[in-house]
Amino acid sequence: MTDLKAIDGTEVSALCFGCMQFGGTADGQASRDMYEACRVAGVNFFDTAHTYTGGEAERLLGLFSRQDRERLIIATKAAYTGGSGRNNILRQFDESRARMNLDMIDILYLHRWDPDTPLDETFETLSELQQTGAIRYIGVSNFAAWQVMKAQGVANLVGTRIDVIQPMYSLIKRQAEVEIFPMAIDEGIAVAPYSPLGSGFLTGKYLTGGTGRLSTDKRYAARYGQDWMVDTAQCLSGIATEMGIDAATLAVAWAAQHTAVTAPIISARSVAQLQPSLEARNLKLTDEAYDRIEALSVRPAPATDRLEEAVF
Ligand SMILES: NC(=O)c1ccc[n+]([C@@H]2O[C@H](COP(=O)([O-])OP(=O)(O)OC[C@H]3O[C@@H](n4cnc5c(N)ncnc54)[C@H](OP(=O)(O)O)[C@@H]3O)[C@@H](O)[C@H]2O)c1
């Protein structure tokens with residue numbers, strides 16, 4: 001089992017913070033404030049990517065994290081564009097290191113599956129980065145379970161392994177429960193799932209005329225555009241009101257509580273937005289509350305059709 005730790009041995013925190021808004025909807029000061037609020041709350045796991053905000057997200061994270069470096073786990077991602085070939089990975093990784101002013105980045109993820117590059121070329125490159133101490137852990141994001149396992153076989157052949165995966169996961173995006181999570185448990189792979197709030201949808205703000213990423217970005221509007229999701233968000237907000245907490249706290253705590261999950265990746269554009277997600281670190285749902293929330297969306301069908309023998 002991959003036990004993610006900082007260089008000084010500090011265990012990974014129960015939440016990860018995603019820096020995708022740094023230098024975008026969050027300016028430099030708002031980004032710094034969120035970074036500091038995370039540190040005060042004990043978060044030591046930070047996620048970014050080569051592709052975010054034209055490099056500003058990496059630059060700001062590098063700047064804020066300098067004094068605390070040994071106690072942190074910093075992840076970035078390569079190859080969202082340009083494919084997973086050796087030259088592209090090395091070029092983007094070097095740019096990421098330069099932006100962050102870091103020699104070593106704890107986790108390097110492949111941002112998505114590349115059907116056109118041989119896996120041995122990709123994993124030989126990642127293994128080399130690991131052997132030279134430029135990265136400590138190898139990750140993959142947005143891979144199907146079969147893609148992780150195919151890549152894991154190749155990684156093993158070149159003397160390394162996939163340590164951590166980053167799938168999408170929330171109460172309204174549950175595909176990962178079917179094969180990805182059971183695979184991760186079986187393989188001992190850490191899981192840092194993204195978008196536990198459904199990119200803001202589960203805060204309930206869109207039910208009351210609020211605005212945000214889903215009103216400005218068509219890709220997100222399409223991702224969360226199914227009618228049933230409205231009912232789910234409404235009922236979740238109702239339960240949160242009953243419990244006297246914020247719907248965002250409940251949504252993050254629910255995603256965090258799946259046995260496979262190491263640390264969900266939370267995010268925001270301001271500290272005020274961030275606080276309810278950070279509060280999730282203090283909320284352990286009872287089995288009854290967990291099941292009640294689980295019933296607010298359809299459990300995805302199991303991976304085989306022999307339903308009478310399926311173990312849920
Ligand atoms: N691997 C990948 O392909 C991938 C993809 C996406 C994300 N990620 C990673 O995962 C991280 C988190 O993803 P995410 O941002 O989608 O997570 P999320 O927690 O589902 O959504 C966060 C967004 O919800 C809105 N929000 C948060 N708290 C709120 C509140 N209290 N009230 C109202 N709105 C609130 C904000 O957006 P608005 O203000 O704009 O509404 C915020 O940016 C990213 O930073 C990134 O590191 C990875």
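Order of appearance sets the numbers: ligands from 1, and atoms from 1 within every ligand.
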Would you indicate which of [options] comes nearest to [atom] when only heavy atoms are counted?
atom                    : options                : value
atom 34 (N) of ligand 1 : M20, K205, K77, K173   : K205
atom 6 (C) of ligand 1  : Y194, F46, Y80, Y224   : Y194
atom 25 (C) of ligand 1 : G18, S195, G200        : G200
atom 15 (O) of ligand 1 : Q275, H111, Q166, R213 : R213

[X]: numbered ligand 1 atoms lying under 4.0 Å from its heavy atoms:
X    : result
R269 : 38 (P), 39 (O), 40 (O)
I265 : 10 (O), 11 (C), 12 (C)
S267 : 12 (C), 15 (O), 19 (O), 22 (C), 27 (C), 42 (C), 45 (O)
S141 : 1 (N), 2 (C)
G198 : 20 (O)
D47  : 9 (C), 46 (C), 47 (O)

Are M100 and L108 joined in one hydrophobic group, where the rule is that I, L, V, M, F, W and Y side chains link up if heavy atoms are under 4.5 Å apart?
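Yes, it is one cluster - the side chains of M100 and L108 are joined through contacts under 4.5 Å.
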Quick check on [X] - does any of its heavy atoms sit under 4.0 Å from an atom of ligand 1?
X    : answer
Y206 : yes
C19  : yes
Y52  : yes
T25  : no

Just checking, any donor-acceptor pair under 3.5 angstrom between side chains of [X] and [Y]?
X    : Y    : answer
N142 : Y194 : yes
R223 : S199 : no
T2   : R161 : yes

So, regarding [X] and ligand 1 (criterion: nitrogen or oxygen to nitrogen or oxygen, under 3.5 Å), is there a contact or not?
X    : result
T203 : no
N142 : yes
A248 : no

Mind checking whether F17 and F22 have parallel, tilted or perpendicular rings, split at 30° and 60°?
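Tilted.
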Tell me whether the rings of W113 and F143 are parallel (<30°), tilted (30 to 60°) or perpendicular (>60°).
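W113 and F143: perpendicular rings.
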What heavy-atom pair brings L214 and G198 nearest, and what distance separates the two atoms?
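In terms of heavy atoms, the two residues are closest at CD1-O, 4.2 Å.
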What protein heavy atom is closest to [atom], reported as residue, atom name and distance in Å?
atom                    : answer
atom 19 (O) of ligand 1 : L197 CG, 3.4 Å
atom 21 (O) of ligand 1 : S199 CA, 3.3 Å
atom 36 (C) of ligand 1 : Q273 OE1, 3.3 Å

Side-chain touch [X]/[Y], heavy atoms, less than 4.5 angstrom:
X    : Y    : result
I165 : Y109 : no
Q130 : D163 : yes
D47  : Y52  : yes

May I ask you to identify, for M168, whether its side chain, its backbone, both or neither come under 4.0 Å of ligand 1 on a heavy-atom basis?
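Neither part.
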Should the pair K173 and Y224 be classed as cation-pi, given the thresholds of under 6.0 Å to the six-membered ring centre and 45° from the axis?
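Geometry flag: set, cation within 6.0 Å and 45°.
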Please say whether the positively charged group of R32, taken as NZ for Lys or CZ for Arg, lies over the ring of Y35, i.e. under 6.0 angstrom from the six-membered ring centre and within 45 degrees of the axis.
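No cation-pi geometry.
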Does the distance from a Lys or Arg side-chain N to an Asp or Glu carboxylate O, for R292 and E288, drop under 4.0 Å?
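No, R292 and E288 are not salt-bridged.
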